[in-house]
Amino acid sequence: MRAAPAGPPPDAPAPPARAPRRRRVPLGTRLRRDWQLLAMVAPGFGILLVFSYLPIAGNVIAFQDYNPYLGDNPWQAFTHSNWIGFGQFQILFDDPAFWDAFRNTLAITAFQLVFFFPLPIVLAVMLHNLLSSRLRGLVQTIVYLPHFFSWVLVVTFFVAMFGGAGLLAQTMRDAGMQPWNVMTDPDTFIVLVTAEAVWKDVGWGTIVFLAALSTIDQSLYEAAAADGAGRWRRLWHITLPGLRPVIVLLLILRLGDALSVGFEQFLLQRDAVGRQAAEVLDTFVYHFSIATGNYGYGAAAGLFKAVVGLVLILAANRVAHLLGERGIYAKS
């Protein structure tokens with residue numbers, strides 16, 4: 001007689017029940033249910049589509065000898081323009097002015113990563129440690145305000161302070177010294193534009209870091225203080241590790257935008273210090289493409305800048321994964 005198979009012992013826990021399969025809600029039902037949310041995001045999605053995604057199709061003219069005056073409309077101009085493959089890129093890479101603008105852009109980006117990027121972090125930590133909420137709100141309002149000034153106003157302010165007839169030069173004349181016109185010195189232009197960017201945007205850059213600081217569990221600080229940790233040790237072992245994911249994320253995004261250091265700020269000051277010091281890729285595209293009507297040439301420069309930015313983002317995100325951070329995306 002065959003023995004019956006042994007079953008589980010009487011005291012063995014029952015196997016977990018399989019979760020019921022979630023029923024997929026039909027698309028029509030979801031649209032009727034969430035139409036308020038969809039209507040709320042529709043304007044933002046429309047702006048993103050029109051101004052960010054549709055213009056990507058225009059990169060195709062980088063491979064054409066594009067002439068906007070061929071035909072009666074832009075579509076006819078596109079279809080009648082000759083295809084030249086990578087001819088625009090060959091002209092671009094043989095242009096010394098392009099490489100001057102490229103070097104200036106990289107130099108300014110590197111300088112601002114070292115001397116500008118850490119400042120919002122420092123300011124956010126200082127504001128977070130203020131005991132008085134009213135004083136913190138007052139300081140935040142003061143440092144946020146310049147962000148809403150246009151670059152015309154910012155440059156005008158710096159001219160009034162550091163220009164040839166500005167406050168600094170006048171003070172030096174009254175003291176019997178030779179005045180120094182900071183606004184027209186190409187050797188210190190990189191410091192000037194970084195100072196302008198700091199004054200304008202350092203307060204605005206603290207918003208994300210203050211939000212990240214508010215998510216750190218305050219009991220960690222209390223436990224560290226009870227264990228005898230001083231202010232600097234709490235900063236090093238609690239605050240900075242809590243900010244590290246946000247710092248890595250913003251650093252990756254900044255590297256992806258490394259070749260876009262600004263347009264209006266440099267356009268306003270280009271004539272004062274000269275093209276060799278102030279020409280960046282954005283102003284190069286304007287002066288050598290838009291102003292001359294050579295749109296295919298400018299599209300080639302813009303496409304090159306986008307490809308370099310994509311490579312920097314992918315490389316920085318890979319480094320973030322090696323350091324144990326999520327970055328901007330991670331494989332599931």
Side-chain angles (χ1 to χ4, degrees), residues 47-112 150-152 154-155 186 189-190 192-194 196-197 253-313:
I47 292 175
L48 185 67
L49 178 66
V50 172
F51 293 101
S52 297
Y53 285 98
L54 290 182
I56 295 176
N59 286 322
V60 72
I61 68 174
F63 305 95
Q64 286 184 305
D65 185 13
Y66 182 73
N67 187 346
Y69 303 106
L70 293 177
D72 298 328
N73 53 62
W75 176 252
Q76 291 184 1
F78 166 71
T79 56
H80 287 79
S81 297
N82 296 325
W83 291 90
I84 59 174
F86 291 93
Q88 297 284 13
F89 292 93
Q90 183 177 357
I91 299 172
L92 182 71
F93 296 151
D94 291 337
D95 190 349
F98 168 74
W99 292 113
D100 289 340
F102 184 71
R103 283 190 293 268
N104 286 341
T105 304
L106 289 182
I108 292 171
T109 297
F111 191 87
Q112 291 186 354
S150 68
W151 276 114
V152 175
V154 172
V155 173
F189 180 72
I190 189 173
L192 173 66
V193 294
T194 303
E196 293 171 348
L253 296 177
R254 180 66 187 92
L255 287 177
D257 204 30
L259 300 186
S260 298
V261 293
F263 171 73
E264 188 177 357
Q265 179 188 13
F266 294 88
L267 182 66
L268 292 170
Q269 302 175 89
R270 180 177 181 269
D271 294 336
V273 297
R275 182 184 65 82
Q276 294 296 328
E279 190 80 283
V280 293
L281 286 179
D282 291 334
T283 58
F284 172 84
V285 170
Y286 173 76
H287 286 102
F288 291 87
S289 173
I290 298 176
T292 61
N294 192 0
Y295 299 106
Y297 190 68
L303 187 57
F304 170 79
K305 185 176 75 170
V307 170
V308 173
L310 176 61
V311 172
L312 289 175
I313 282 183

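Residues Gln88 and Ile61 form no side-chain contact, since every pair of their non-hydrogen atoms from C-beta on lies 4.5 Å or further apart. Side-chain atoms of Phe288 and Leu92, non-hydrogen and from C-beta on, never get closer than 4.5 Å to each other. Residues Thr292 and Tyr297 fail the side-chain proximity criterion, which asks for heavy atoms closer than 4.5 Å. Side chains of Lys305 and Val285 form no contact here, defined as non-hydrogen atoms less than 4.5 Å apart. With a 4.5 Å cut-off on side-chain heavy atoms, Asn67 and His80 do not count as touching. Counting heavy atoms from C-beta outward, Glu279 and Asp100 have side chains that stay 4.5 Å or more apart. The shortest side-chain heavy-atom distance between Tyr286 and Arg270 does not fall under the 4.5 Å cut-off. A heavy-atom distance below 4.5 Å is not found between the side chains of Phe266 and Asp282.
Residues Tyr295 and Pro68 come closest through the heavy atom pair CE1-CG, 3.6 Å. The two residues Gln276 and Asn104 have their closest heavy-atom pair at O-ND2, 2.9 Å. Taking each heavy atom of Ser289 and Asn294 in turn, the nearest pair found is OG-O, 2.8 Å. A pairwise comparison of heavy atoms in Gly71 and Gln76 identifies CA-OE1, 3.3 Å as the closest pair.
Heavy-atom neighbours of Glu264 CD from other residues, nucleotides or ligands within 6.0 Å: above the threshold of 12. Surrounding CZ of Phe93 are more than 12 heavy atoms belonging to other residues, nucleotides or ligands, all under 6.0 Å away.
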Review point. Can you check side-chain contact (heavy atoms from CB on, under 4.5 Å) on Phe284 and Asp95, steps first, answer last?
Key: CA-CA 11 Å; Phe284 172 84; Asp95 190 349; 3.9 Å; yes
Exercise for review: Begin with the C-alpha distance, continue with both residues' side-chain angles, and end with the deciding distance and a verdict on side-chain contact (heavy atoms from CB on, under 4.5 Å) for Phe89 and Leu303.
Suggested key: CA-CA 10 Å; Phe89 292 93; Leu303 187 57; 3.8 Å; yes
Exercise for review: Give the intermediate values and the outcome of side-chain contact (heavy atoms from CB on, under 4.5 Å) for residues Leu192 and Phe189.
Suggested key: CA-CA 5 Å; Leu192 173 66; Phe189 180 72; 4.3 Å; yes
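Residues satisfying the side-chain contact (heavy atoms from CB on, under 4.5 Å) test with Leu48, not counting sequence neighbours, are Ser52, Tyr53. By the side-chain contact (heavy atoms from CB on, under 4.5 Å) test, Val308 pairs with Leu259, Phe304, Leu312, sequence neighbours left out.
For the atom pair His287 NE2 and Leu267 CG, the distance stands at 5.5 Å (nearest 0.5 Å). The structure places CG of Asp257 at 8.0 Å from CD1 of Ile313, a figure rounded to the nearest 0.5 Å.
In this structure, the side chain of Asp65 does not engage the main chain of Ser81 through any donor-acceptor pair within 3.5 Å. Under the 3.5 Å distance criterion, the side-chain polar atoms of Thr283 are left unmatched by any main-chain donor or acceptor of Phe263. The backbone N or O of Leu281 lies less than 3.5 Å from a partner atom in the side chain of Thr105, making a donor-acceptor pair. Without hydrogens or angle criteria, Gln265 side chain to Val193 main chain gives a donor-acceptor distance under 3.5 Å.
Classified by interplanar angle (parallel below 30°, tilted 30° to 60°, perpendicular above 60°), the ring pair Trp75/Phe78 is tilted.
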